[in-house]
Amino acid sequence: MTQLSLSRRLRRTPFSQGVENFGVKSYTVYNHMLLPTVFRSIREDYRHLKEAVQVWDVSCERQIELRGPDAGRLMQHLTPRDLRSMLPGQCYYVPIVDETGGMLNDPVAVKLADDRWWISIADSDLLYWVKGLAYGGRLDVLVDEPDVSPLAVQGPRADDLMAAVFGDGVRNIRFFRFGYFEFQGRSLVVARSGYSKQGGFEIYVEGSDIGMPLWNALIEAGKRMDVHAGCPNLIERIEGGLLSYGNDMTDDNTPHECGLGRFCNTKTAIGCVGRDALLRVAKEGPVQQIRPISIEGDAVPPCDSFWPVLSKGKKVGRISSAAWSPDFDTNVAIGMVRMTHWDEGTELQVATPGGLRDATVQPAFWI
Ligand code: THG
């Protein structure tokens with residue numbers, strides 16, 4: 001196997017030692033930082049995630065902190081989701097768009113206080129766009145990347161594991177809400193969220209020095225729960241319809257094309273940079289949209305470039321993520337499909353590297 005050359009530009013995380021102790025087999029790079037992708041195998045990791053509990057080093061979900069009287073105003077400049085009713089203690093999944101309505105990122109916004117926010121970003125250099133808007137708009141706000149590294153605890157036994165370390169109070173955290181919980185005398189943001197559909201939490205670990213102590217405490221407390229190191233799982237996230245920025249969408253796509261229209265309130269999101277552009281595209285409606293697609297036959301290889309989606313030999317879309325799903329007993333995929341062919345049940349072909357396969361548009365349960 002080809003190796004990644006390590007250097008200062010490719011950042012390790014506060015939990016990398018713990019990840020290596022579990023024999024991580026593969027990494028990807030995300031926000032210039034290591035992100036584990038495989039421990040035992042993608043399929044074993046998948047089964048274990050659905051049956052037990054995993055601790056994920058998702059430090060690469062970097063935070064952009066907004067601090068100051070104009071923090072809320074700047075946040076609303078960034079997204080077409082109306083933030084006026086958002087309260088401290090809440091998290092919102094927010095599309096971030098440029099002046100053309102193109103997606104720049106799809107982070108989780110964490111409202112710590114009226115004048116303090118974290119933007120928990122997907123894989124793009126959003127910091128520079130945010131700094132540019134703050135400076136160009138003469139806003140009274142500081143923008144930087146704090147020493148905060150999310151650690152996710154995901155799986156059906158996540159509540160029990162978290163309660164063992166932080167106390168039973170964590171059981172009362174509602175979905176996409178957070179509270180403050182103590183670890184070794186430090187108060188940490190703990191949210192019920194995470195990049196899986198199995199349920200769980202994300203701990204925003206503030207201060208790299210407590211990274212390994214917290215990792216070790218979770219692993220120790222989880223021994224009787226079959227805890228294991230894990231990571232966002234390709235199969236599980238496609239089954240669950242969780243999008244991956246840079247893979248399933250880029251700045252060429254609007255939130256509506258990505259099926260994220262439900263997170264846009266473009267009419268009332270006054271100040272959003274892409275508002276005029278999005279008002280135009282929302283009126284017409286998108287002409288292509290993300291769909292779950294099943295691909296027949298045995299396991300497909302990893303999708304590391306777009307696979308053309310065809311109907312009667314004509315290109316009508318593209319696949320951007322695909323994996324064999326043991327539970328669905330088919331290949332599951334995410335693709336962008338033209339309006340003429342996006343209805344549930346539409347039969348298509350996919351040009352995989354191994355040849356043409358039959359495929360079917362599945363119900364877009366998340367739209
Ligand atoms: N958690 C945190 N930061 C993140 C991610 C995360 N940053 C990078 C990446 N993931 C951002 N992308 C997503 C994509 C999906 C979700 C969260 C972040 C997600 N979606 C749910 C869904 O679609 O079912 C819930 C959305 C909702 O109802 O609000 O959770 O995972 N901290």
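Only this structure's heavy atoms are used, side chains among them; waters, hydrogens and symmetry mates stay out. Index from 1, following the sequence. Counting starts at 1 for both ligands and their atoms, in listed order.
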Could you tell me which atoms of ligand 1, counted from 1 in the order shown, lie closer than 4.0 angstrom to a heavy atom of Asp106? 11 (C), 12 (N), 13 (C), 14 (C)
Among Ser120, Ala191, Cys60, which one has a heavy atom closest to atom 3 (N) of ligand 1? Ser120
Within the structure, is a non-hydrogen atom of Pro150 found at a distance of less than 4.0 Å from ligand 1? no
Candidate pair Tyr180 and Phe178, rule ring pair (Phe, Tyr, Trp, His ring centres under 6.0 Å), full reasoning: CA-CA 7 Å; Tyr180 293 92; Phe178 70 82; 5.7 Å; yes
When you compare the side chains of Asn105 and Ser124, does any donor N or O come within less than 3.5 Å of an acceptor on the partner? yes
Could you check Tyr46 against Asp327 for side chain to side chain donor-acceptor pair (under 3.5 Å), going step by step and ending with a plain yes or no? CA-CA 10 Å; Tyr46 161 86; Asp327 286 352; 3.1 Å; yes
Run the numbers for me: atoms of ligand 1, each under 4.0 Å from some heavy atom of Glu202, listed by number. 1 (N), 2 (C), 6 (C), 31 (O), 32 (N)
Run down the list Val108, Asp248, Ile121, Val110 and name the one with the heavy atom closest to atom 18 (C) of ligand 1. Val108
Measuring from atom 30 (O) of ligand 1, which candidate in Phe176, Tyr93, Tyr245 has the nearest non-hydrogen atom? Phe176
Do the side chains of Val316 and Leu348 get nearer than 4.5 Å, heavy atoms only? yes
Selection residues 303-316 - residue pairs positive for side-chain hydrogen bond (donor to acceptor under 3.5 Å, both in side chains), sequence neighbours left out: Ser311-His341
Give the numbers and elements of all ligand 1 atoms closer than 4.0 Å to a heavy atom of Lys197. 22 (C), 24 (O)
Using heavy-atom distances, let me know which of Phe175, Tyr204, Tyr195, Phe178 sits nearest atom 25 (C) of ligand 1. Phe175
Out of Trp118, Trp56, Phe263, who gets a non-hydrogen atom closest to atom 29 (O) of ligand 1? Phe263
Within the structure, is a non-hydrogen atom of Tyr30 found at a distance of less than 4.0 Å from ligand 1? yes
How about Asp125 and His32: does a side-chain donor come under 3.5 Å of a side-chain acceptor? yes
Consider only side-chain N and O atoms of Thr360 and Glu347, and report whether a donor and an acceptor are under 3.5 Å apart. no
Who are the side-chain contact (heavy atoms from CB on, under 4.5 Å) partners of Ser41, not counting sequence neighbours? Arg43, Glu44
Could you tell me, atom by atom, which parts of ligand 1 come under 4.0 Å of a heavy atom of Gly194? 30 (O), 31 (O)
